[in-house]
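Before any comments, here is the structure.
In what follows, chains carry the letters A, B, and so on, assigned in the order in which the sequence lines appear, proteins first and then strands, with residues in each chain numbered from 1. Predicted model, so just to flag it, every value in this text is computed and none were measured.
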Protein chains: 4
Amino acid sequence: MTSAPETRQRRRGQALETAIYDAVLAELAAVGYGRLTMEGVAARARTAKSSLYRRWNSLEDLVIAAVHHELPDVATVAETGDVREELLAALTLIADTLTGPIGPAVTSILGGMNQSPNLQAAARERIVAPRVRALQTVFERAAARGEIRAGAATPFVVQTGPAIVIHTCLVRGLELSTQDIEDIVDQVILPAVRPAS
Amino acid sequence: MTSAPETRQRRRGQALETAIYDAVLAELAAVGYGRLTMEGVAARARTAKSSLYRRWNSLEDLVIAAVHHELPDVATVAETGDVREELLAALTLIADTLTGPIGPAVTSILGGMNQSPNLQAAARERIVAPRVRALQTVFERAAARGEIRAGAATPFVVQTGPAIVIHTCLVRGLELSTQDIEDIVDQVILPAVRPAS
Amino acid sequence: MTSAPETRQRRRGQALETAIYDAVLAELAAVGYGRLTMEGVAARARTAKSSLYRRWNSLEDLVIAAVHHELPDVATVAETGDVREELLAALTLIADTLTGPIGPAVTSILGGMNQSPNLQAAARERIVAPRVRALQTVFERAAARGEIRAGAATPFVVQTGPAIVIHTCLVRGLELSTQDIEDIVDQVILPAVRPAS
Amino acid sequence: MTSAPETRQRRRGQALETAIYDAVLAELAAVGYGRLTMEGVAARARTAKSSLYRRWNSLEDLVIAAVHHELPDVATVAETGDVREELLAALTLIADTLTGPIGPAVTSILGGMNQSPNLQAAARERIVAPRVRALQTVFERAAARGEIRAGAATPFVVQTGPAIVIHTCLVRGLELSTQDIEDIVDQVILPAVRPAS
DNA sequence: CCTTAATCGAGACGGTACGTCGTGTCTTTAT
DNA sequence: ATAAAGACACGACGTACCGTCTCGATTAAGG
């Protein structure tokens with residue numbers, strides 16, 4: 001007699017971890033960050049809560065890890081010699097992170113940042129910083145090429161792009177089109193760094 | 001000596017509501033938004049949970065109402081004839097909202113906005129919009145006076161100030177000094193609207 | 001255009017009381033004693049809770065009053081000269097009280113008797129006692145006629161009929177047919193009082 | 001002196017269950033069935049409500065289980081060869097259940113039986129039936145010995161004893177003395193089954 | 001190859017908070 | 001004066017998750 005193959009292979013280590021990350025993103029898509037629970041993730045991953053707590057101290061840690069696992073490892077912008085082109089590329093990189101498949105997860109994390117210093121630090125370092133660094137690089141290369149005023153790329157100027165993109169998505173709740181990104185670059189960023197004529 | 005006032009007057013309507021708002025802010029200061037609970041608010045306000053749920057559908061609604069109750073009713077900027085001065089005033093208005101006594105509550109709300117459309121709509125309308133309108137007015141008056149280029153105050157330009165302020169507080173976790181606000185105005189906003197010389 | 005006559009005549013005194021009694025019985029039939037609430041009665045009677053509490057101290061009091069209001073005022077058994085006939089009549093009187101339209105209310109009260117001395121006393125005096133007295137009278141008249149042994153109608157013998165009827169309905173959860181009542185009389189009660197042959 | 005045992009051993013399974021049963025009876029004795037609550041039981045047992053609901057669906061179920069746990073496992077009457085003696089023993093068994101230490105709990109259950117079919121079925125099967133069976137056995141053995149008329153022990157005759165005992169305790173609110181039980185046997189039950197002389 | 005140690009899955013446990021319902025009291029408005 | 005309406009403070013309900021824990025069952029690795 002052939003009984004049903006009830007005994008699914010028991011996963012461990014890396015395989016289990018990946019399955020959990022998938023479960024986190026699926027659960028995020030299904031119920032949203034607001035209703036995300038350890039219990040739900042464990043159930044969807046068909047694992048035990050203890051296997052989650054053994055690896056991560058909190059739901060936040062788990063979500064950060066899952067998002068980081070899914071994000072493109074490196075976020076760089078190729079040098080084209082045209083500052084406007086490169087700025088568009090860098091901002092698109094940031095916008096895509098917020099509107100792509102794991103966008104909801106990312107915005108959830110950004111929104112939750114003020115609630116816990118740990119989350120804030122982790123998210124800043126592992127999600128925000130790499131992308132801002134790409135932008136920073138764009139400015140530095142443009143300054144080196146003499147395309148923008150030396151010293152124009154102050155911290156606030158560098159943060160302006162990310163700030164507007166995030167603000168538009170998070171606070172205003174709008175989608176960002178290609179045209180929007182061009183507007184941001186043309187109306188706000190470039191005027192701030194354009195060399196005196 | 002008078003006997004102990006065992007029979008505290010039962011509060012109703014406006015008086016009760018104010019007491020609840022106070023309790024919300026006290027609780028926020030005590031445990032933070034992350035650990036804020038209806039139960040805790042009710043206990044601190046010495047009222048019943050049902051009296052909370054009768055008025056507000058959720059903790060979020062309650063917090064919004066409490067914050068709105070505490071915020072200055074109108075947020076306007078006096079016309080001085082100098083666009084830079086007025087911009088500084090408008091941005092300071094926004095920054096003060098985030099760093100003042102109920103700053104943590106406000107940032108909590110902003111952070112939670114992406115989690116619920118209701119919260120987003122309410123917060124946008126009751127907290128963000130009035131302050132952005134003040135800024136909008138500054139631009140319009142400056143345009144009328146010819147201080148800035150006509151048509152320069154596009155939506156993205158108007159949102160730039162708020163975006164940077166919020167981004168700095170929320171995502172970067174920094175305080176904003178007076179100097180910082182001046183930098184934002186001088187380095188980012190004014191260049192975007194300054195009339196061609 | 002005249003608006004709908006929203007303002008139903010406001011009831012007072014006797015009229016209101018009767019309406020409340022009706023509501024109690026309707027509610028009992030609808031949700032059972034276990035889920036009977038002051039709130040529900042008030043809503044069904046379209047009156048205010050205070051109008052209930054002004055008249056009765058508790059739900060139990062209200063139910064007792066409602067049941068008593070609905071029960072036949074006097075419960076007597078006509079003398080026929082035949083003790084068996086009269087016993088059948090007296091037991092049928094009791095059984096009908098438990099199985100008639102307000103049967104559920106009565107059994108609820110009997111079941112709840114042990115929970116409050118007040119309820120017990122009230123129910124005993126206003127519901128049980130009159131019916132047992134009718135039975136008692138039957139025995140006394142039969143003894144006077146010599147149909148049963150003098151002194152045979154001890155307290156336990158008198159209570160036997162009511163006890164079995166109530167026990168059958170309440171504990172065993174069975175309906176009582178005419179045949180059942182005959183069996184009780186023939187198999188248990190009459191043997192206990194029959195004169196020695 | 002050993003340090004305070006802050007970390008009370010976490011109880012599980014059987015040990016926890018027994019502690020809960022104790023808490024139920026203690027709570028019953030303290031506040032009565034009418035004011036018995038899951039919350040109170042959990043607090044007294046120093047456990048969580050979820051541990052109660054995991055095992056029992058309702059307060060009623062819990063009380064039944066607690067009572068059943070406390071009751072003598074088997075309720076049998078030894079054969080003595082004398083039907084009167086055995087009847088007294090069987091009825092005493094029933095009376096003791098109602099007047100013993102957990103008497104209030106038992107009467108509460110009997111009183112609540114009509115309120116829920118589940119409770120009724122459970123109580124009938126787990127509390128009433130075993131004791132009535134003991135009585136049934138007494139009749140059967142007496143019939144086999146020829147002490148009583150064959151066929152005299154009809155269902156109603158068997159139920160007469162329990163009915164009177166329960167009725168006396170529950171409805172009339174009286175205690176039952178040894179003499180009372182003798183009276184019930186001598187005045188009601190024996191006359192119904194005594195062989196024609 | 002077989003033991004041994006790790007770790008997985010399952011779920012019980014003591015908690016906290018949830019959002020709802022009913023209580024009995026009290027106040028207000030309108031007959 | 002009292003009916004109707006409903007707010008209020010309170011307590012309990014039954015549920016959902018939390019983070020901890022115990023307990024076999026499974027699996028990889030070492031002797």
Side-chain angles (χ1 to χ4, degrees), chain A residues 7-13 15-16 19-20 35-43 45-59, chain B residues 7-13 15-17 19 35-43 45-59, chain C residues 7-13 15-16 19-20 35-43 45-59, chain D residues 7-13 15-17 20 35-43 45-59:
Chain A
T7 56
R8 284 189 326 98
Q9 189 73 358
R10 179 176 286 188
R11 302 150 301 177
R12 324 168 54 100
L16 178 56
I20 293 174
R35 302 202 176 282
L36 189 70
T37 65
M38 284 294 212
E39 205 107 3
V41 172
R46 309 193 105 263
T47 185
K49 281 194 293 177
S50 31
S51 295
L52 301 184
Y53 282 106
R54 199 176 296 122
R55 292 174 166 78
W56 304 278
N57 290 325
S58 68
L59 188 59
Chain B
T7 56
R8 277 193 329 99
Q9 189 70 0
R10 182 182 283 192
R11 300 153 303 176
R12 308 168 60 88
L16 178 58
E17 219 151 295
R35 302 200 177 282
L36 189 69
T37 64
M38 283 295 212
E39 205 107 4
V41 172
R46 309 194 105 264
T47 184
K49 279 194 293 178
S50 31
S51 293
L52 301 184
Y53 283 107
R54 199 177 297 122
R55 292 176 165 77
W56 304 280
N57 291 327
S58 67
L59 189 58
Chain C
T7 57
R8 285 190 323 99
Q9 188 70 359
R10 178 177 287 189
R11 301 151 301 178
R12 323 165 56 98
L16 179 56
I20 294 173
R35 302 203 175 281
L36 189 70
T37 64
M38 284 293 211
E39 203 108 1
V41 172
R46 310 192 106 265
T47 184
K49 281 194 294 177
S50 31
S51 296
L52 302 183
Y53 282 106
R54 198 175 298 122
R55 292 176 165 77
W56 303 278
N57 290 326
S58 68
L59 188 59
Chain D
T7 56
R8 278 195 329 98
Q9 188 71 1
R10 183 183 284 191
R11 299 154 302 176
R12 306 167 60 89
L16 177 58
E17 218 150 295
I20 293 174
R35 301 199 177 282
L36 189 70
T37 64
M38 283 295 212
E39 205 107 4
V41 172
R46 311 192 105 262
T47 186
K49 279 193 293 179
S50 31
S51 293
L52 302 184
Y53 284 106
R54 198 176 296 122
R55 293 177 164 76
W56 304 279
N57 291 326
S58 68
L59 189 58

Got a second to check how far [X]'s [atom1] is from [Y]'s [atom2], nearest 0.5 Å?
X	Y	atom1	atom2	value
D:Met38	D:Ser50	CE	OG	11.0 Å
A:Leu36	A:Leu59	CG	CG	4.5 Å
C:Ser51	C:Arg46	OG	CZ	13.5 Å

| request: Grab the two heavy atoms, one from C:Ala48 and one from C:Ala42, that are nearest each other, plus how far apart they are. | output: C-CB, 4.2 Å
| task | Compare every heavy atom of B:Ala19 with every heavy atom of B:Ala45, then report the nearest pair and how far apart it is. | result | CB-O, 4.3 Å
Evaluate the side-chain proximity of [Y] to [X]: yes if any heavy-atom separation is below 4.5 Å, no if none is.
X	Y	value
B:Leu52	B:Trp56	yes
D:Arg55	D:Leu16	yes
B:Arg11	B:Thr47	yes

Using nucleotides 2-7 of chain E, report all nitrogen or oxygen pairs with the protein that are shorter than 3.5 Å.
{"from": "E:dT7", "atom 1": "O4'", "to": "A:Arg12", "atom 2": "NH2", "distance (Å)": "3.1"}

For nucleotides 16-20 of chain E, list the nitrogen or oxygen atoms of the protein found under 3.5 Å from its nitrogen or oxygen atoms, one pair per line.
{"from": "E:dC18", "atom 1": "OP1", "to": "B:Met38", "atom 2": "N", "distance (Å)": "2.8"}
{"from": "E:dC18", "atom 1": "OP2", "to": "B:Met38", "atom 2": "N", "distance (Å)": "3.3"}
{"from": "E:dC18", "atom 1": "OP2", "to": "B:Glu39", "atom 2": "N", "distance (Å)": "2.7"}
{"from": "E:dG19", "atom 1": "OP2", "to": "B:Tyr53", "atom 2": "OH", "distance (Å)": "2.2"}
{"from": "E:dG19", "atom 1": "O5'", "to": "B:Tyr53", "atom 2": "OH", "distance (Å)": "3.3"}
{"from": "E:dG19", "atom 1": "N7", "to": "B:Lys49", "atom 2": "NZ", "distance (Å)": "3.0"}
{"from": "E:dG19", "atom 1": "O6", "to": "B:Lys49", "atom 2": "NZ", "distance (Å)": "2.8"}

| task | Give a yes/no on whether any side-chain N or O of D:Gln9 is located under 4.0 angstrom from OP1 or OP2 of E:dC13. | result | no
| field | Short side-chain N/O contact from C:Thr47 to OP1 or OP2 of F:dA4, under 4.0 Å | value | yes
| query | Whole Å only: how far is the CZ atom of D:Arg46 from the P atom of E:dG15? | reply | 7 Å
| Whole-Å gap separating P (E:dA12) and CD1 (D:Ile20) | 13 Å
